[in-house]
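What follows is a single structure, written as structure tokens, with notes after it.
Computed from a predicted model, the values in this text were never measured in an experiment.
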Amino acid sequence: MRDVHRLEPGSANLDNGTVFAAWERFVQGEDQVPDVRPLVAISWHRCREQYRVDPHLREAPVALTELDHSPEHDVVIAELGFRAASVAQEVGSIGGVVTVTDATGRILAEWGDQATLARAGDPNLAPWFSWSECAIGTNGMGTALEAHGPVTIRGAEHWCQALHNWVCAGIAVRDVVTREPIAVLSVCRWRSRLPASTESWLANAAAMTQCPLKRRARDSGAELVAAYVQARAHSGAALAAVDSAGKVVIADALASVLLGVPACTPAVDPTLRWTPGLPALITAARYATRQAAHNPDWVGTTQIFAPLADEPTSISIRPVFSSGRVIGNLVSFGASEGAQVPQAEGVAHLRAQPRRLVAIRDNRMVLLRLPEVSFAESQGSDVWLSTDQGRLRAASLSLDKLEGELADVGFLRVHRRYVVNLSRIREIERGLKGELSLVMDDRAHGMVPVSRRHAPTVRRALDI
């Protein structure tokens with residue numbers, strides 16, 4: 001970690017008092033905290049409204065949840081342990097500690113300054129204790145599980161007052177297909193700021209750890225295509241191959257129409273795979289992946305509604321394995337072979353749909369009703385919302401995640417960069433070559449392009 005030794009001893013005063021004052025107001029029920037970073041304010045909202053963590057909790061609880069780690073995930077955790085141990089002496093020389101945490105927030109191991117490790121015992125900053133947000137509130141490890149990229153939580157930004165003398169930075173290493181966290185690497189100090197290079201070191205460590213995952217995901221994509229080709233040769237049913245996150249790797253001509261994706265076009269790279277226009281299929285595919293991980297012989301069936309269809313379509317889901325690991329599923333349309341996929345999975349998915357969206361204006365959170373949002377646009381690493389209150393940056397860091405949350409409440413993906421509110425479309429403009437653009441009814445009458453691959457889905461949704 002470069003520049004670690006250049007850090008001067010820090011003071012106990014980790015902020016100028018404004019964050020602590022905002023924390024006191026928020027704990028007492030106030031919603032607007034303009035002096036607090038948006039990432040922290042959103043985390044505080046989760047802690048107070050969703051997780052209901054006691055802000056006066058003095059120590060982290062014992063971790064009760066045990067995860068079934070896949071061999072691939074064990075390799076990730078071992079790699080992070082190696083990286084943590086390699087900087088332990090350097091971090092220890094500035095009075096810091098470095099930890100590795102699993103996907104539940106459970107600390108697996110820690111290294112560093114012995115005096116700081118002893119002090120860390122008071123709040124249970126130690127192995128086998130849980131540091132997820134739902135357990136101990138806003139903190140570098142738990143908040144990293146909820147965010148993408150490195151996260152630093154300083155002093156009074158922690159939800160629990162007992163942690164206000166700590167500074168902690170963490171980053172989650174995520175599965176490149178499902179985007180679910182695997183583990184967290186973090187660095188903490190007592191009453192002192194972290195080196196300026198900490199976040200860049202964490203980001204580099206995570207990126208290097210993910211490299212083998214990316215290679216493995218591309219190989220798995222190729223194996224899914226091979227399994228699809230083999231199954232296609234023995235079946236006349238509409239067929240698609242989806243990965244463990246429910247994204248489409250390849251689909252035949254008929255299945256592509258139902259899914260709203262290009263036909264017979266392999267998407268081996270996990271960053272190029274298509275999100276199907278059937279949210280229920282994503283839910284069913286993820287359920288199938290979980291079932292097959294425990295029962296390799298599992299095959300399932302369910303019914304889903306395609307856009308504008310009067311009757312549900314039966315599908316059969318058959319997991320695909322590689323080296324004993326589930327890498328995805330083959331989905332046959334019109335078939336009903338296997339165990340019934342519980343409808344409760346779909347109900348749970350619907351319950352998770354938001355009824356409000358969170359946006360950021362300066363240092364304030366803006367809570368938007370869904371009808372107030374005209375469309376969402378991905379721009380660089382941010383998602384922007386066109387709303388009745390103007391253009392606002394969304395708290396969500398992923399357009400894919402936003403699409404999944406809004407798919408069942410009247411929003412539709414029309415382009416790789418755009419998700420629109422169907423009820424806010426005012427006009428449809430057709431170009432000289434037949435390309436479509438949507439004119440929205442927001443204040444600026446924004447124009448949203450429709451990509452060629454999404455055009456059939458848009459036409460079905462709008463009945464044109």
Side-chain angles (χ1 to χ4, degrees), residues 14-27 30-51 53 55 101 103 105 131-161 163-164 166-174 179-181 184-189 193-203 206 354 356-368 376 378-385 391-402 405:
L14 299 176
D15 61 69
N16 60 10
T18 56
V19 175
F20 178 72
W23 175 85
E24 287 187 309
R25 296 196 306 273
F26 193 85
V27 165
E30 187 172 323
D31 285 333
Q32 299 300 329
V33 281
D35 298 318
V36 178
R37 291 185 293 150
L39 176 142
V40 174
I42 292 168
S43 175
W44 284 2
H45 257 278
R46 285 195 297 264
C47 296
R48 189 182 70 180
E49 311 294 340
Q50 182 178 351
Y51 301 140
V53 179
T101 307
W131 283 76
S132 64
E133 276 195 351
C134 63
I136 194 68
T138 308
N139 71 90
M141 292 168 279
T143 303
L145 289 169
E146 307 272 358
H148 291 268
V151 169
T152 300
I153 303 298
R154 309 177 185 92
E157 291 180 333
H158 287 88
W159 176 246
C160 289
Q161 189 171 8
L163 305 178
H164 284 186
W166 287 89
V167 177
C168 185
I171 191 168
V173 174
R174 295 178 176 274
R179 303 306 302 159
E180 293 297 320
V184 173
L185 179 65
S186 70
V187 180
C188 304
R189 291 186 81 190
R193 296 187 180 278
L194 290 168
S197 60
T198 302
E199 285 197 0
S200 62
W201 176 77
L202 287 171
R356 291 190 299 181
L357 286 180
V358 180
I360 308 298
R361 178 190 287 126
D362 298 323
N363 283 329
R364 292 191 174 190
M365 288 187 298
V366 181
L367 302 179
L368 298 163
S378 174
Q379 193 172 77
S381 59
D382 293 321
V383 176
W384 292 88
L385 304 175
R391 194 166 186 261
L392 302 173
R393 182 162 58 89
S396 175
L397 299 178
S398 164
L399 192 65
D400 285 345
K401 181 179 179 182
L402 197 66
E405 293 173 345

Next on the checklist: Please report the interatomic distance CZ(R37) to OG(S43), rounded to the nearest 0.5 Å.
Outcome noted: 10.5 Å

Checklist entry - Going by the angle between their ring planes, with limits at 30° and 60°, are W44 and W159 parallel, tilted or perpendicular? => result tilted

Next on the checklist: Run H158 and T138 through side chain to side chain contact (heavy atoms under 4.5 Å, CB included) and show every step you take.
Outcome noted: CA-CA 5 Å; H158 287 88; T138 308; 5.5 Å; no

Checklist outcome for this item: On a heavy-atom basis, the closest approach of V53 and A135 is CG1-O, 4.2 Å

Checklist entry - What's the shortest heavy-atom distance between D35 and V19, and which atoms? => result O-CG2, 4.0 Å

Item to check | Which residues share a side chain to side chain contact (heavy atoms under 4.5 Å, CB included) with A359, sequence neighbours left out | outcome: V366, L368, L385, L392

Next on the checklist: Determine whether L367 and V358 satisfy the following criterion, side chain to side chain contact (heavy atoms under 4.5 Å, CB included), listing intermediate values before the conclusion.
Outcome noted: CA-CA 5 Å; L367 302 179; V358 180; 3.8 Å; yes

Checklist entry - For the side chain of W131 and the backbone of T101, is there at least one donor-acceptor N/O pair under 3.5 Å apart? => result no

Checklist entry - Shortest non-hydrogen contact from F26 to R48? => result O-NH1, 2.8 Å

Item to check | Ion pair check, D31 and R25, cut-off under 4.0 Å | outcome: no

Item to check | L194/V187 under side chain to side chain contact (heavy atoms under 4.5 Å, CB included): CA gap, chis, key distance, verdict | outcome: CA-CA 8 Å; L194 290 168; V187 180; 3.8 Å; yes

Checklist outcome for this item: On a heavy-atom basis, the closest approach of I171 and A203 is CD1-CA, 3.6 Å

Item to check | Whether R46 side chain and Q50 backbone form a donor-acceptor pair below 3.5 Å | outcome: no

Checklist entry - Between T18 and V36, does a side chain to side chain contact (heavy atoms under 4.5 Å, CB included) hold up when you go through it step by step? => result CA-CA 8 Å; T18 56; V36 178; over 6 Å; no

Can you give me every donor-acceptor pair (side chain of residues 142-154, partner residue at least two apart or in another chain, under 3.5 Å) with its distance?
unit_1	atom_1	unit_2	atom_2	d
T143	OG1	E133	OE2	2.8
T143	OG1	N139	N	3.2
T143	OG1	N139	O	2.9
E146	OE2	Y51	OH	2.7
T152	OG1	E199	OE2	2.6

Checklist entry - Which atoms form the tightest heavy-atom contact between S398 and V383, and what is the distance? => result C-CG2, 3.9 Å

Checklist entry - Do any N or O atoms from the side chain of W384 and from the backbone of A394 form a donor-acceptor pair under 3.5 angstrom? => result no

Item to check | Close side-chain approach of S186 and C168, heavy atoms under 4.5 Å | outcome: yes

Next on the checklist: Would H164 and W23 count as a ring pair (Phe, Tyr, Trp, His ring centres under 6.0 Å) here? Give the steps.
Outcome noted: CA-CA 11 Å; H164 284 186; W23 175 85; 4.8 Å; yes

